[in-house]
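Written below as structure tokens is the structure these notes are about.
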Amino acid sequence: MQRTCTGWVFARASSNHVLNSDRLIRADPYSVEIELMIEEKLKVQGQQLEIQQHLSFEPGAKQIRYRIETYIFSPVSLQINGENYKAADCLRFFKNFIRLRPPSIDLEHFANGSVASNHLSEALAELEKLPTELALERFLQVNKLFALTYKRSLRLKTHNLYDELDLQDSEARHYVELIQKALDVYRLQAKRLREIGKTIGSECDVFCDEFMSVITLYYLQKMIVRIQRESSKNILLSLWESENRYRKEHHQESFSEQSSQEQQLYRWRLLTKYVSSCLFLNIKPHVGPTFLVHSLYGFAAAVSMIFATVIAFAWQGQYGALSANLFVALVIGYIFKDRIKDLLKEQLSKRFKKWIPDRRLEILRDERYHVGDCKESFEFFDVRRLPEPVRRLRQRAQSVKGIYDWRFESILLYKKELTVKTDPALFRDTRYGLMDTTWFNLMPFLNFIDIDEADLPVADDSSMHISQADKIYHLYFVRRLFTLTADKRESVKDEIIRVVLTNKGVKSMKTLDI
């Protein structure tokens, strides 16, 4: 099924591309019901965990909302507890990125030219009539989005063929023809793009052409290395060589002979960020307490002031306006007033913890338009407060079955709730979808980790040679995804992840199927 919107053709990804996902319904009482698909991916990036939620939904609702609770179980010996790590410390361990997702166009439709070419021509005709400032903004958007759409189309087509080790010659030729035609859709407009770029003072079209050339070579070489049929490999290799000559002729700075490998990688990463920048939303921390916090603190101050005033009035009525007893009463009332205020602030903050996040992030488009919010909170707590499904999941995940004692672990709960308005202006020229990425830095949790290696208790053989092995620690992440179903009941999806640590950092990560 395909959907046409602002000139692009939208195609829903097939279910075989979705990992750890469910089809969920978000029921908003102020809008129509929409279908929300959430696809989750986890990666180890150096000493950090990268957690991605890919959200896809249909237009028609005012907003989408979901909440994720992550219970982090760590050995007591790592000292990850409320005494060593406060909420303000934990805020620095988590970083969030939110971006839009480019349109999905099948490479066959892209190569056909009737969709992408017409949209590009119409967009260029439109921006020629705009003032210079608006024309520059639209010029950047059109070029970058075209390059990103091409990349997605090429990636999906490549992944569909990737498992065909014995790729037939006819399939290889068809693949090569599609790529060449898709590239020609953009390059046939190169002269017009360059004229417009010179007029408004931008080289975005040149950089986008370089981006598409490099990404084409990248996916081609993945296929060339993968497939086994020599004749098919030669067909792909001919296009690779042709595209490499094009890159050398039109983008000499991108060619490896012109600079070192480090400079080439730096240029590619910078180019990728530049082209992808049109999709990223701005994340801005909310400054200052919320209205609820001000109200609670005001209530605490009012109660403490009432206590001090009652003491003063009672003693003044009994001992008079000027007396030593009244002076003592006022001092005592002042002391307890401050204690009462601080105690009430602490207790009210705990009681209303659910509605008072430790960090509020505003989601902005172009630093101007507010499109959503992200709320985060952190909490260390006792295992006896654990929800029963989380407790059972953690117990079954123990690597050595039958050996589990909750007294040997500390628990940190990280909550994150995301709300985004589905304004059509926000998703102009893109898919109705978002990519929500969280980076979790584990390095601060290694402050109290033990030595590198330890002796094995038993020798490997009769030579009595005692071997050593890396000393490892297991962190368990129980993640709970909360949404609302069509009948307005809360739906929960649970999963558990084991992360293996050494004093050097993250050794491995695995999602457990239990």
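None of the values given here were measured: they were computed from a predicted structure. When reading the values below, keep in mind they use all heavy atoms of this one structure, side chains included, and skip hydrogens, waters and symmetry mates.
No side-chain heavy atom of Thr511 sits less than 4.5 Å from a side-chain heavy atom of Ile496. You'll find the side chain of Cys204 reaches within 4.5 Å of the side chain of Phe139, heavy atoms only. Counting heavy atoms from C-beta outward, Arg479 and Asp494 have side chains that stay 4.5 Å or more apart. Within the 4.5 Å cutoff, the side chain of Ile105 has no heavy atoms near those of the Tyr150 side chain. Side-chain atoms of Leu279 and Met435, non-hydrogen and from C-beta on, never get closer than 4.5 Å to each other. By the 4.5 Å heavy-atom criterion applied to side chains, Lys95 and Phe97 are counted as neighbours. In this structure, the side chains of Asp106 and Ser153 stay at 4.5 Å or more apart for every pair of heavy atoms. Considering only heavy atoms from C-beta on, Phe378 comes within 4.5 Å of Leu412 through its side chain.
Applying the side chain to side chain contact (heavy atoms under 4.5 Å, CB included) criterion to Ser276, with sequence neighbours excluded, gives Leu148, Thr272, Phe280. Remark: Tyr369 pairs with no residue by the ring-ring contact (aromatic ring centres under 6.0 Å, His included) rule, at least two apart or across chains. Phe440 is linked by a ring-ring contact (aromatic ring centres under 6.0 Å, His included) to Phe94, Phe445, Phe477, counting only residues two or more places apart in sequence or in another chain. Remark: His370 pairs with Glu362, Leu364, Asp373, Lys421 by the side chain to side chain contact (heavy atoms under 4.5 Å, CB included) rule, at least two apart or across chains. Residues meeting the side chain to side chain contact (heavy atoms under 4.5 Å, CB included) test with Lys43, sequence neighbours left out: Gln45, Glu50, Gln52.
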Legend entry - Criterion side-chain contact (heavy atoms from CB on, under 4.5 Å) on Ser74 and Tyr476, from CA distance to verdict: CA-CA 7 Å; Ser74 64; Tyr476 289 89; over 6 Å; no
Legend entry - Verdict with supporting geometry, Leu220 and Leu237, side-chain contact (heavy atoms from CB on, under 4.5 Å): CA-CA 8 Å; Leu220 278 172; Leu237 189 59; over 6 Å; no
Legend entry - Asp184/Gln189 under side-chain contact (heavy atoms from CB on, under 4.5 Å): CA gap, chis, key distance, verdict: CA-CA 8 Å; Asp184 287 344; Gln189 299 276 8; over 6 Å; no
Inset, instruction - Verify side-chain contact (heavy atoms from CB on, under 4.5 Å) between Thr70 and Val478, making sure each step is shown before the conclusion. - result: CA-CA 6 Å; Thr70 303; Val478 176; over 6 Å; no
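A donor-acceptor pair under 3.5 Å links the side-chain atoms of Arg359 to the main chain of Leu91, judged by distance alone. Counting only distance, with no hydrogens or angles, the side chain of Glu171 and the backbone of Gln168 share a donor-acceptor pair below 3.5 Å. At distances below 3.5 Å, at least one donor-acceptor pair connects side-chain atoms of Gln47 with backbone N or O atoms of Val506. Between the side chain of Asn84 and the main chain of Ile80, no donor-acceptor pair closer than 3.5 Å is present. In terms of modelled atom types and a separation under 3.5 Å, the side chain of His174 and the main chain of Ser170 share no donor-acceptor contact. Judged by distance alone, the side chain of Thr158 and the main-chain N or O of Leu154 form a donor-acceptor pair under 3.5 Å. For Thr419 (side chain) and Gly372 (main-chain N/O), no donor-acceptor pair under 3.5 Å exists by modelled atom type. Under a 3.5 Å cut-off, the side chain of Ser232 and the backbone N or O of Arg229 do not form any donor-acceptor pair.
A salt bridge between Lys157 and Glu108 is present, with a side-chain N of the basic residue lying under 4.0 Å from a carboxylate O of the acidic one. A salt bridge does not link Asp436 with Arg99: every distance from a Lys NZ or Arg NE/NH1/NH2 to an Asp or Glu carboxylate oxygen is 4.0 Å or more. With respect to the salt-bridge test (charged N to carboxylate O, under 4.0 angstrom), the residues Glu243 and Arg245 do not qualify. Using a cut-off of 4.0 Å between Lys/Arg side-chain N and Asp/Glu carboxylate O, Lys415 and Glu376 are scored as not salt-bridged.
Screening Leu361, Asn96, Ile363 against Leu418 for a side chain to side chain contact (heavy atoms under 4.5 Å, CB included) leaves a single residue, Ile363.
Closest approach of Ile200 and Ala135 over heavy atoms only: CD1-O, 4.0 Å. In plain terms, the two heavy atoms of Ser202 and Leu140 that are nearest each other are OG-CD2, 3.6 Å. Between Val275 and Lys144, the shortest heavy-atom contact is O-CB, 3.4 Å. Scanning all heavy atoms of the two residues, the minimum distance from Gln141 to Cys278 falls at OE1-CB, 3.5 Å. A pairwise comparison of heavy atoms in Asp169 and Ser231 identifies OD1-OG, 2.7 Å as the closest pair. A pairwise comparison of heavy atoms in Asn143 and Leu193 identifies OD1-CD2, 3.6 Å as the closest pair.
Residues Ser377 and Asp358 bring no donor and acceptor atom of their side chains to less than 3.5 Å of each other. Side-chain polar atoms of Tyr266 and Gln264 form no donor-acceptor pair below 3.5 angstrom.
Here the CD1 atom belonging to Ile215 is positioned 13.5 Å from the CZ atom belonging to Arg152, to the nearest 0.5 angstrom. Note that OG of Ser238 and CZ of Arg173 are 10.0 Å apart. Values are rounded to the nearest 0.5 Å. The CZ atom of Phe93 sits 13.0 Å away from atom CG of Leu49, with the distance rounded to the nearest 0.5 Å. Rounding to the nearest 0.5 Å places OH of Tyr246 at 10.0 Å from OG1 of Thr216. Atom CD of Glu417 and atom CD1 of Ile68 lie 11.0 Å apart (nearest 0.5 Å). A distance of 8.5 Å separates CD1 in Ile51 from NZ in Lys416, rounded to the nearest 0.5 Å.
For Phe146 and Tyr186, the ring centers sit closer than 6.0 Å to each other. Within the 6.0 Å centre-distance limit, the rings of Trp268 and Phe211 are counted as a close aromatic pair.
Around atom NZ of Lys181, no more than 12 heavy atoms belonging to other residues, nucleotides or ligands sit under 6.0 Å away. Within 6.0 Å of atom NZ in Lys510, 12 or fewer heavy atoms from other residues, nucleotides or ligands are found, so the atom counts as exposed in its surroundings.
Here salt bridge (Lys or Arg N to Asp or Glu O under 4.0 Å) pairs that include residues 204-219, with residues two or more places apart or in two chains, are Arg187-Asp209, Arg194-Asp205, Glu210-Arg267.
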